[in-house]
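Both counts, for ligands and for their atoms, begin at 1 and track the order of listing. Note that these values count all heavy atoms, side chains included, but never hydrogens, waters or copies made by symmetry. Computed from a predicted structure; not experimentally measured.
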Amino acid sequence: MPEPKNDVQTRAVAQGIRLDALPQHIACIMDGNGRWATARGEHRLVGHQQGYLTLKDVLTTADELGIRYLTVYGFSAENWRRPGEEVNGLMDLIAAAASAELTGLIKNNVRVRISGRLDELPQSTRDNLRALEAETKDNTGITFVLAVNYGGRQEILDAARAVAEAGEPWTEESISKHLYTPEIPEPDLMVRTAGELRWSNFLIWQAAYAELYVTDSPWPEFGEEELFAAVTQFQRRIRKFGGLAEG
Ligand code: IPE
Ligand code: IPE
Ligand code: MG
């Protein structure tokens, strides 16, 4: 068993988490920002702002715990259906956050990847996200994937078009190769906050065998304790991938 390297790992081990059996890639459906805000009599955008602060903490904690990849659902291809005020607020928040976090992400050796149809985003949002990717591309720490204007069906469709254009054979490998972030291993743990029991079009190809963990806590209340609970659950699961349990 590896020795804890920092306070997060020390606390994780104290709770029975095995550092040699961590999920490699955690994906989060960060849901419940709106309900969290509404329950406090606040505007929904206050919830998204709080969700951003939560995300910063979760990224740091996941990194210190030893997670190698963290993917989060920031804005879905279907979220354009929301009122213009909320959509604009989210686009502004993403653009501002991308610019504000750049220095810190570089300092912390975080590699950022953006997943989704970037070309449909407002220019400032798109430019700031692309800059984040470009400036952190050689970093060697945790890989943080932000899904923006992301839809799983759209991603599969885009990949299929690329396979057809390249005249490649129709195999799982060729589709996987043309997904938005082909170099990232598939998530082994998928977390959804705010209690909804559905995928909402997130990583429907890559998460075929991900373990699912759902908590009733809304995203703004997700923290180290919840992350540890998800990892603990993950470590109790028996993964069979269609086969039979070993031993
Ligand atoms: C998730 O929170 C964040 C985004 C979809 C951008 P919601 O905004 O969906 O929050 P609820 O589900 O309405 O509470
Ligand atoms: C999924 O949450 C999208 C994000 C978290 C960005 P939604 O709130 O959009 O999902 P539904 O509408 O409840 O399925
Ligand atoms: Mg929601």
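- Aromatic rings of Trp219 and Phe222 (six-membered ring for Trp) have centroids within the 6.0 Å cut-off, being under it.
- Using the six-membered ring where Trp is involved, Tyr69 and His25 have ring planes that are tilted, between 30° and 60° apart.
- The two residues Gln9 and Leu65 make their nearest non-hydrogen contact at NE2-O, 3.0 Å.
- Classification of Asp127 and Arg130 as a salt-bridged pair fails, no side-chain N sitting under 4.0 Å from a carboxylate O.
- Protein N/O/S atoms closer than 2.8 Å to the Mg ion (ligand 3), listed by chain and residue number, are Asp31 OD1.
- Shown here for Glu155 and Tyr150, the closest heavy-atom pair between the two residues is OE1-OH, 2.5 Å.
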Contact table ligand 1 N or O to protein N or O, d under 3.5 Å:
| residue | atom | partner | partner atom | Å |
| --- | --- | --- | --- | --- |
| ligand 1 | 2 (O) | Gly32 | N | 3.4 |
| ligand 1 | 2 (O) | Asn33 | N | 3.3 |
| ligand 1 | 8 (O) | Arg44 | NH2 | 2.9 |
| ligand 1 | 8 (O) | Arg82 | NH1 | 2.7 |
| ligand 1 | 9 (O) | Asp31 | OD1 | 2.9 |
| ligand 1 | 9 (O) | Arg82 | NH2 | 2.8 |
| ligand 1 | 10 (O) | Gly32 | N | 3.4 |
| ligand 1 | 10 (O) | Asn33 | N | 3.2 |
| ligand 1 | 10 (O) | Gly34 | N | 2.9 |
| ligand 1 | 12 (O) | Asp31 | OD1 | 2.8 |
| ligand 1 | 12 (O) | Arg35 | NE | 3.4 |
| ligand 1 | 12 (O) | Arg35 | NH2 | 2.8 |
| ligand 1 | 13 (O) | Arg44 | NH1 | 3.1 |
| ligand 1 | 13 (O) | Arg44 | NH2 | 2.9 |
| ligand 1 | 14 (O) | Gly34 | N | 3.4 |
| ligand 1 | 14 (O) | Arg35 | N | 2.7 |
| ligand 1 | 14 (O) | Arg35 | NE | 2.7 |

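- Of all atoms in ligand 2, listed by their number and element, those nearer than 4.0 Å to a heavy atom of Arg198 are 11 (P), 13 (O), 14 (O).
- In this structure, Arg192 has a heavy atom closer than 4.0 Å to ligand 2.
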Report task. Take Asn201 and Gln154 through the test side chain to side chain donor-acceptor pair (under 3.5 Å) and record every step on the way to the result. Result -> CA-CA 9 Å; Asn201 202 16; Gln154 292 82 345; 3.1 Å; yes
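- A donor-acceptor pair under 3.5 Å is absent between the side-chain atoms of Ser99 and the main chain of Ala95, judged by distance alone.
- Between the side chain of Asn6 and the backbone N or O of Val8 there is at least one donor-acceptor pair closer than 3.5 Å.
- Of all non-hydrogen atoms in Gln50 and Pro220, the two that sit nearest each other are CG-CB, 3.7 Å.
- A salt bridge links Arg40 to Glu221: at least one charged side-chain nitrogen sits closer than 4.0 Å to a carboxylate oxygen.
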